[in-house]
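Note sheet for the following structure.
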Amino acid sequence: MQEDNQSPEQQLHAMRHSLAHIMATAITRKFPHVKLGVGPVVQHGFYYDIDLGKAGLSEEDLPAIEAEMKKVIAEDQPFEQFSMPIDEAIAWAQQAGQTYKEELLNDLKRSGTTSAKDIDSEELGVATDGDSQVANVSFYRNGDFTDLCRGPHVASTGKVGAFKLMRVSGAYWRGKDTNPQMQRIYGVAFATEKELRQHLALLEEAKKRDHRKLGQELDLFVSSDLVGAGLPLFTPRGTVLREELARFSNELRERNGFQKVFTPHITKQELYEKSGHWAKFGDELFLVKSQETSDNFVMKPMNCPHHTQIFASKPRSYRDLPIRYLDTTTVYRDEKTGELGGLSRVRAITQDDSHAFCRRDQIEGEINALLAAAHEMYETLGLQLQVRLSYRDDSDAYIGSKELWQSAQNQLKAAVMANNLDYFEEEGEAAFYGPKIDMMASDALGRQFQVATVQLDFVMPQRFELEYTDEHGVKQPPVMVHCALLGSIERFLSVYIEHTAGKFPVWIAPEQVRIITVNQEDVTTRFAGKIAQQARELGLRVSIDNDNESVGKKIRAAEVMKVPYTLVIGEKEMQTGEITPRIRRDMVVNETQQSYTIDELLKTVAHEAKSRVSKTSL
RNA sequence: GCCGACAUAGCUCAGUUGGUAGAGCAGCUGUUUUGUAAACAGCGGGUCGUGGGUUCGAGUCCCUCUGUCGGCUCCA
């Protein structure tokens, strides 16, 4: 119908949305008693929420639904729009037993919108902006299926491109965990079969890179039922990754005047009552019981309150500011079991946390320095950054006056603009004590994750009555700038492992050099040992594979573990003192196979590791 | 926490309508002394995640718990 003058994006959107209707058509045919929720377009496709009562649907039912959808598509039913008065619409929903639709329509009638941010306005038969006098609502009909919908749709069910149903999962009605749970059926859809295949191939690739799979294969971390869910254990190899990342982050901040501090992992609950965290996150703290005192202790879920106490430990002059603390440390949060997964969501979270206490006139300088540090870090790590300005919304989830918030939000935006960063703004994403600059990294497959964060906070210093003396001898509250460059090291690792597919650059690779012996003769073994020692003295992580196996097999083993440099040592090398290193393919700039003296080679690799390059100069 | 699926050897998996477990890789031992992605042979290894139930008999059927996965909700 309205597909003329539409951009390809709009057309694809209409296709996906039409597919949601077609899926609902197919499900209604197979299960006439189904109650429908909403069926919007999502990133790569669409879904529809349905309620089939107790029996429900399982993934085994998807092929049958897909087949039915193909029938509907083959029937090429035109999509027809019509409208009816809202009271008539409500009567329709009632009569059809569509209780969810009825609820939506009633909300619509009452307030002109479904109020919450839960429903995409397109789902409804009206535009939700503007006045609340809803007289008529819009419907779409294809064949004998009718759905409340504003559109637009494609002209007929035959014009929907290529799709595939992916999975069925649970979803709360209108996104509220107090509401009944429906089943959500997800599909992906593209304009052409080719794009669909490409998308599915991308998903396959993502599966291969899954950090949980690579964590297993590359021996990076493990879990134990005895230790518990969300508490990964890092092997020697995985620990190297953690420590190298922490070291990098610490270096960047120390260069900017941050000083390391240390704070204990348990604290009196009172600290968090004062900060406001107890009221907001009390049910997510691990409680610790003392057998000696009557105080209640908790595992620390974050560090800001501790750092305020270091600041507050003595009088501060305006000349002392900024005072900057960095604390790369583990915090503990009792995350709900269903939210845990791999390294992306854990209960022991290591943050590269830092707090700068500064004067108002120093805010800009602090933020600029941190933005620059983040830029350097992600440049080195090879991840693209995009900035999200996370503001508060009108809910009561925040503390502090609106004026302070407005001023803080303005300053963050000014800083981001001054640094020419690519940004977007989002309300309702702020921390409860202040707005944030959140940095989203895009990985090798184009997926986005929140990593670094810079937060401006006028509230915490007030709550802890922090002060410094200004040049007129007047007490002033400092401003706190919270920052984490990596965010959570565990979560960052999950992103980074998948981004690199486990092919870590030499500076962070758990094993940087592997020496393979051609035979087990004593001279060879001794020579290999000597080279390994030399490498260790240069600060390299090196291992020797002296197994009684073929060279081919040992090469393969090194390759499988994605070791950057493999040195095969035999008679030739012993005689000449020269070697042609085997370099992991992704690091190679030019293809020429060159030989080097072993001394020169190791020094170059050590230098590369130190300067954190991603390609080799060999 | 909620909805759904899953849990067999270190890893990846097979195991027919219920009749007390198999393969490949890895490991160990021996032979071989290897030249750039998998030499050959032998051996060891599993109270089938936990606890309970049904049954003459449970890896297989039912329940509980734990854990994992896909989502929802949440994320200082």
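Quick caveat: nothing in here was measured; it's all calculated off a predicted structure. Labels below follow one simple rule: chain letters A, B, ... track the order of the sequence lines, proteins then strands, and each chain is numbered from 1. All heavy atoms count here, side chains included; hydrogens, waters and symmetry mates do not.
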So what does A:Asp177 touch, heavy atoms closer than 4.0 Å: a base, only the sugar-phosphate, or nothing?
sugar-phosphate

Residue pairs involving residues 568-597 of chain A (criterion ring-ring contact (aromatic ring centres under 6.0 Å, His included); sequence neighbours excluded):
none

Extract from the structure each pairing of a protein N or O with an N or O of nucleotides 26-31 of chain B at less than 3.5 Å, listing the distance.
from  : atom 1 : to       : atom 2 : distance (Å)
B:A26 : OP1    : A:Lys553 : NZ     : 2.9
B:U31 : O4     : A:Asn548 : ND2    : 3.2

For A:Arg212, which contact category applies under a 4.0 Å heavy-atom criterion: base, sugar-phosphate, or nothing?
sugar-phosphate

Do the side chain of A:Gln520 and the base of B:U33 come within less than 3.5 angstrom through a donor-acceptor pair of N or O atoms?
yes

Whole Å only: how far is the NZ atom of A:Lys572 from the C1' atom of B:U34?
14 Å

RNA chain B contacts among residues 343-354 of chain A, heavy-atom distance under 4.0 Å:
A:Arg345

Any donor-acceptor N/O pair under 3.5 Å between B:G35 base and A:Glu573 side chain:
yes

Which label fits A:Phe311 and A:Phe357: parallel for a plane angle under 30°, tilted from 30 to 60°, or perpendicular past 60°?
parallel

Remember a base hit wins even if backbone is also touched, and classify A:Glu571 as base, sugar-phosphate or nothing at under 4.0 Å, heavy atoms.
base

So which nucleotide from B:U73, B:A76, B:U66 ends up closest to the side chain of A:Tyr172?
B:U73

Under 4.0 Å: is that the gap between some side-chain N or O of A:Tyr186 and OP1 or OP2 of B:G4?
no

Please state how far atom NZ in A:Lys436 lies from atom P in B:A76, giving the value in whole angstrom units.
5 Å

N/O donor-acceptor pair, side chain A:Glu559 with base B:U36, under 3.5 angstrom
no

Under 3.5 Å donor-acceptor pair, A:Gln181 side-chain atoms to B:C2 base atoms
yes

Mind jotting down which residue pairs meet the ring-ring contact (aromatic ring centres under 6.0 Å, His included) criterion with at least one end in residues 329-350 of chain A? Sequence neighbours excluded, please.
A:His265-A:Tyr332

Categorize A:Gly228 for me: base, sugar-phosphate, or nothing, with a 4.0 angstrom heavy-atom threshold over every strand shown.
nothing

Distance between P atoms of B:U73 and B:C11 (Å, rounded)
34 Å

Expressed in whole Å, how much space separates the P atoms belonging to B:G19 and B:G1?
36 Å

Give a yes/no answer on whether the side chain of A:Ser550 brings an N or O atom under 4.0 Å of OP1 or OP2 in B:A38.
no

Pick base, sugar-phosphate or nothing for A:Arg167, based on heavy-atom distances below 4.0 Å to the nucleic acid.
sugar-phosphate

Return a table of donor-acceptor pairs under 3.5 angstrom between the side chains of residues 338-345 of chain A and protein atoms on other chains or two or more places apart.
from     : atom 1 : to       : atom 2 : distance (Å)
A:Glu339 : OE1    : A:Lys336 : N      : 3.3
A:Ser344 : OG     : A:Gly341 : O      : 3.3
A:Arg345 : NH2    : A:Glu335 : OE1    : 3.1

A:Arg174 CZ to B:C72 C1', in whole Å, measures 16 Å

Using 30° and 60° as the class boundaries, would you call the ring planes of A:Phe221 and A:Phe234 parallel, tilted or perpendicular?
tilted

Between B:C6 and B:U60, how far is it from one P atom to the other, in whole Å?
14 Å

Can you list the stems that include RNA chain B, where a stem is three or more consecutive Watson-Crick or G-U pairs with distances under 3.5 Å?
B:1-7 with B:66-72, B:10-13 with B:22-25, B:27-31 with B:39-43, B:51-53 with B:61-63

Determine whether a donor-acceptor pair (N or O, by modelled atom type, separation under 3.5 Å) exists between the side chain of A:Gln183 and the backbone of A:Leu57.
yes

I'd like to know if the side chain of A:Thr329 pairs up with that of A:Asn303 as donor and acceptor (distance under 3.5 Å, no hydrogens or angles considered).
no

Hey, what do you get for SG (A:Cys304) to CE (A:Met480), rounding to the nearest 0.5 Å?
5.5 Å

Under 3.5 Å: donor-acceptor pair, side chain of A:Arg333, backbone of A:Pro301:
yes

